Amino acid sequence: MFNVTGILKRLVIGRAMRSEELHETLLPKRLALPIFASDPLSSVAYATQEILLVLTLGGLAYLHFTPWIAASVVALMAVVVLSYRQVVHAYPSGGGSYEVVSTNLGPTAGLVVAASLLVDYVMTVAVSVASGVDNIISAVPRLADHRVLMAIGFVAVLTAMNLRGVRESGRAFAAPTYLFISGVLVMVVTGLIRYALGDAPVAESAAYGVSPDPSDANLTGLALLMLVLRAFSSGCTALTGVEAISNGVPAFRKPKSRNAAETLTAMGALAIVMFVGVTALALITKVHITDDACRLTGLTGDCASYTQRTVIAQIAAAVFGGEHSVGFYVIQAATALVLILAANTAFNGFPLLASILAQHRYLPHQLHNRGDRLAFSNGILALAVVAALLLWGFKANVTSLIHLYILGVFTAFTLSQLGMVRHWNSELRTERDPAPRRRHHTARVINALGSVVTGLVLVIVLATKFTEGAWLAVLAAIVLWVMMRGIRRHYDATSAELAVADPKGELTLPSRVLGIVLVSTLHKPTLRALAYARAFRPDRLEALTVSVDRDEAAALLRRWEEYGIDVPLKIIDSPYREVTRPVVEYVRSIRRESPRDIVAVFIPEYVVGHWWENLLHNQSALWLKNRLLFTPGVMVTSVPWQLTSSAHADRPAARAPGSFRRGEPQGPAPRAGTRHR
């Protein structure tokens, strides 16, 4: 008989891999780039748009701030990339910002970074997928009504691909990422050449004016500054995912640090060139886009039903000759794919960080376990579920989701750079060689500049986005921080409680062992349980049944005597037809009378072959076990009886779907708060 679940699992995930095959999952740079850098690279598709959406709140007059805002974003990205190159070399174990901050600023600050990044990874999935769906709708507007369903479907596909392993997902995602990079570069070069030759492309929205939002009309002074800062903070979405490479250093081939640093540099250079090119073309083609189509002047027809194309879609149509050109469809397809695949950065970063946190006992241990394909499957599934719920709750609307975005990543940027400054200070106190000291001084300057700049951006982002929805991200990070602290306290308390102080004292034998076999009727499972209990040779053995019906109890007693079973059968009367409570009270009464005695309770249970059969059997046994396990001095033993259907279940050598895995040891994990040299 076929195991349908197992077959489907193998089709989706692939064959299970041995722990020794972990080295085969390590990534060359050409695959690491699309896996870890797809988020910052894909941000090019919407970072410029977010700047324009904010500036047009005041009308078209404020678009002249765009080049200055874009230049600020580029400078910030260069500083952050240089700063994270230092992190990659100094902390190659893969903890990234969390390890840097925990080691140098303490575990409390490290948890702030961890909570912020976990929230931001969830937002990366939600925003990337929603933005990708937006670009699909720009090419095929009639799909607008299926936005949420499409978004959740893409999350499911990404989840399945990542469950197949990092290397597998890298192979699948490399082509769309490189197609997007080459497509955008070709579009930028083509558009700039046309502009230089006097044939500047014109966007479809260039003819429309924009009426200012009533609340943002006639901006001056502080109000104008706040508008520019809001546009800058929105443009900073181009930096999301930059830290993912520092988290994923262990996934690179050797030499890990150097390969990771080179990949980080390539990612930064490509992202800057593409972002500058798209922003320049947006200004050249005169793209006019607003948060509300009804503020577009000169628009014919019903503005409420008008779907604005994304900025990159309008540029592609203008550069390549219209919305039906091959170039337009190539750019839209590549953009939609890479935006959806940008979520893959989070699908790699979130499980890795969650695994490290689980090692440090801040998250459940299950998040450190590797699945069939040596990926951190539980972390992947947790991320997918939360992101899907977020997309459903916010109707996959990018504008609504974007306000919850980037706050966490700039928290990590700022604190990690402060941590690196302290790291270099520590190195300089012990280093005497002039050459390394010069390198340390240079690195400290870079990280100090990074901490100041990203700290200012964090304040700007918090001030401009807090009331627009960022407070939800802050609240989520706070709740997560408190939860992780609580989990650590629980694990610490459990370890302290279970620690062995005096092995000899813990091995003290009980005075007596009293065996009780629970009986519902006299059949083969009951006789097996009695035989098993006898094999333990308890000091006293008895059978126990609860009488809900006196006639049935009398019939059981008669059969007991007819079979000549020499184990006494005790019958407890239950006038209110309860089974669990009388058994538990009887066992506890024995413990009260003889506290130094151990009570061993043997429960016959059926072993079935189908999940739905469990609903038909073993319910009383389940409740009894759950209650008895909370009683001190009571040992509960299940005595299985295999029904015929269980013969069709997986053989012992086979892996049952969903079977428990342990994490592959990679050496002792660094304790949060310990200092590394």
Side-chain angles (χ1 to χ4, degrees), residues 38-39 42-53 56 123-158 176-177 179-180 183-184 187 203-205 208 234 237 278 282 285 287-296 299-320 322-344 387-388 390-405:
S38 55
D39 180 22
S42 68
S43 298
V44 170
Y46 55 81
T48 300
Q49 176 172 308
E50 293 305 316
I51 294 173
L52 299 180
L53 282 171
T56 53
M123 295 309 308
T124 295
V125 176
V127 171
S128 298
V129 170
S131 185
V133 170
D134 264 3
N135 277 274
I136 293 175
I137 292 171
S138 290
V140 189
R142 62 177 176 272
L143 295 175
D145 293 338
H146 307 290
R147 180 189 305 271
V148 176
L149 184 61
M150 289 169 62
I152 293 175
F154 284 129
V155 170
V157 172
L158 285 169
T177 303
L179 176 63
F180 173 73
V184 169
M187 180 181 74
E204 63 184 45
S205 60
Y208 302 144
S234 293
T237 53
V278 169
T285 59
V287 173
H288 298 158
I289 189 167
T290 68
D291 61 337
D292 181 3
C294 290
R295 290 200 297 111
L296 292 173
L299 184 67
T300 58
D302 181 16
C303 64
S305 60
Y306 179 71
T307 301
Q308 298 181 84
R309 296 188 193 274
T310 60
V311 167
I312 199 166
Q314 293 192 46
I315 293 173
V319 169
F320 293 119
E323 62 186 55
H324 298 296
S325 62
V326 174
F328 170 77
Y329 281 110
V330 169
I331 290 293
Q332 285 308 101
T335 301
L337 274 173
V338 81
L339 280 169
I340 292 166
L341 299 183
N344 197 57
L390 201 62
L391 286 165
W392 175 75
F394 284 84
K395 302 187 185 306
N397 186 290
V398 177
T399 304
S400 300
L401 290 166
I402 204 76
H403 297 306
L404 283 71
Y405 204 20

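In what follows, every heavy atom counts, from backbone to side chain, and hydrogens, waters and symmetry copies are set aside. Since the structure is predicted, the reported quantities are computational estimates derived from the model, not experimental observations.
Taking 4.5 Å as the limit, some side-chain heavy atom of V148 sits within range of a side-chain heavy atom of W392. Side-chain contact between I312 and Q332: present, with at least one pair of heavy atoms (C-beta onward) separated by less than 4.5 Å. With contacts defined as side-chain heavy-atom distances shorter than 4.5 Å, the pair L391/F154 does not qualify. Side-chain contact between M123 and L390 is present, with heavy atoms from C-beta onward closer than 4.5 Å. In this structure the side chain of T56 never reaches within 4.5 angstrom of the side chain of H288, judged on heavy atoms.
To the nearest 0.5 Å, atoms CE (M150) and CG (L143) are separated by 5.0 Å. Between E50 atom CD and I289 atom CD1 the span is 8.5 Å, to the nearest 0.5 Å.
The minimum heavy-atom distance linking I137 with A144 is given by the pair CD1-CA, 3.7 Å. Pairing each heavy atom of V319 with each of M187, the nearest pair is CG1-O, 3.8 Å. Taking all atoms of both residues into account, the shortest heavy-atom contact from F328 to R309 is CZ-NH1, 3.8 Å. Pairing each heavy atom of A151 with each of A396, the nearest pair is CB-CB, 4.0 Å. The two residues F320 and S325 have their closest heavy-atom pair at O-CB, 3.3 Å. Here the closest non-hydrogen pair linking I315 and A282 is CD1-N, 3.7 Å.
Put simply, the side chain of Q308 gets close to the backbone of T290: a donor and an acceptor are under 3.5 Å apart. Side-chain atoms of S128 never come within 3.5 Å of backbone atoms of V125 as a donor-acceptor pair (strictly under, hydrogens ignored). Remark: the backbone N or O of A203 is not paired with any side-chain donor or acceptor of Q314 at under 3.5 angstrom.
Considering T335, V278, V338 as possible partners of V44, the one that fulfils the side chain to side chain contact (heavy atoms under 4.5 Å, CB included) test is V278.
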Tell me, with the steps shown, if V129 and L158 meet side chain to side chain contact (heavy atoms under 4.5 Å, CB included).
-> CA-CA 10 Å; V129 170; L158 285 169; 4.2 Å; yes
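Partners of T48 under the side-chain hydrogen bond (donor to acceptor under 3.5 Å, both in side chains) rule, at least two apart in sequence or in another chain, are T279.
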